[in-house]
Each structure stands twice: as structure tokens, then as C-alpha cells.
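Data block below; observations after.
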Amino acid sequence: MPKRIRLSTNFLRREAGFGDLEISDGAYTVADLLHRVERESGFILIDAEGEKLRPDIELTLRGKDIAFYPKGLRTVIEDGDWLDICLTPLGGG
């Protein structure tokens with residue numbers, strides 16, 4: 001049975017793949033989901049190995065920063081989870 005999750009961002013349009021999503025019921029990790037969003041939006045979020053976020057991206061899973069999960073981006077997504085991907089523009093003078 002597929003898992004249903006909620007994905008929100010502050011920079012992608014709904015057509016680019018956010019909102020309520022269904023994902024396969026296999027071992028689907030946060031990195032897998034981010035790669036899916038990259039393919040659908042054309043916006044790079046993490047490195048090719050799925051280990052590091054871009055420095056201007058903040059990611060929360062279940063309301064907690066992904067850095068606080070022992071497996072980080074390799075954390076398995078559960079049914080009903082919610083992810084928030086936030087682009088934090090770098091300031092300048």
C-alpha cells in the first residue's frame with residue numbers, strides 16, 4: 001500500500017511536485033524523495049550521492065530539522081509524514 005505524505009516548500013509551484021503525495025511503500029528515504037522533486041522541478045536540492053543538502057536549503061521532517069535524525073537524509077519516510085523544504089536566500093550588500 002502506498003504511503004501518503006505532505007510536502008511543502010517556499011519556492012516550488014504545486015505543479016512542480018509538492019502538496020499531498022503518494023510514494024511507494026518500499027524503503028523510500030528523504031533523499032529518494034528529494035531526488036524525485038529534483039527530477040520533477042529541475043531544481044537541485046542535494047548532491048548526487050544523497051548525502052548533503054545545498055547550503056541554502058533547510059529541511060524539516062515531522063517538524064524537526066533533518067540534521068537531528070541519526071540517519072539524516074537516509075531516514076525512511078513513514079505514512080503521514082510531512083516535509084518542509086525551505087530555500088533560505090543568501091543575503092548580500
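Being a predicted model, the structure only gives us computed values, none of them experimental.
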Is any side-chain heavy atom of Leu34 closer than 4.5 Å to a side-chain heavy atom of Leu59? yes
Sequence-distant partners of Arg62, side-chain contact (heavy atoms from CB on, under 4.5 Å), two or more places apart: Tyr69, Thr75, Glu78, Asp81, Trp82
I need the minimum non-hydrogen distance between Asp65 and Ala67, along with the two atoms involved. OD1-N, 2.8 Å
Please answer whether the main-chain N or O of Gly63 pairs with a side-chain N or O of Thr60 as donor and acceptor at a distance below 3.5 Å. no
About how many Å separate CD1 of Ile44 and CG of Leu53, when rounded to the nearest 0.5 Å? 12.5 Å
Would you please name every residue forming a salt bridge (Lys or Arg N to Asp or Glu O under 4.0 Å) with Glu38, sequence neighbours left out? none
Can you sort out the partners of Asp84 under side chain to side chain donor-acceptor pair (under 3.5 Å), two or more places apart, ordered by chain and number? Ser8
So do the side chains of Leu83 and Ile66 get within less than 4.5 Å of each other, counting heavy atoms only? no
Option passing side chain to side chain contact (heavy atoms under 4.5 Å, CB included) with Leu73 (candidates Thr29, Val30, Leu61): Val30
Test: ring-ring contact (aromatic ring centres under 6.0 Å, His included). Region: residues 33-59. Which pairs qualify, not counting sequence neighbours? Phe11-Phe43
Quick one: CG on Leu87 to CD on Glu58, what's the gap to the nearest 0.5 Å? 9.5 Å
Steps toward side chain to side chain contact (heavy atoms under 4.5 Å, CB included) verdict (Leu33, Ile5): CA-CA 10 Å; Leu33 179 63; Ile5 63 164; 3.5 Å; yes
Side chain to side chain donor-acceptor pair (under 3.5 Å) partners for Glu51, two or more places apart: Arg74
Lys3 and Val76: CA distance, side-chain angles, deciding distance, side chain to side chain contact (heavy atoms under 4.5 Å, CB included) verdict: CA-CA 11 Å; Lys3 298 175 187 175; Val76 174; 4.0 Å; yes
Donor-acceptor under 3.5 Å (Thr88 side chain, Asp56 main chain): yes
Counting C-beta onward and ignoring hydrogens, is there a side-chain heavy-atom pair between Ile46 and Ile57 closer than 4.5 Å? no
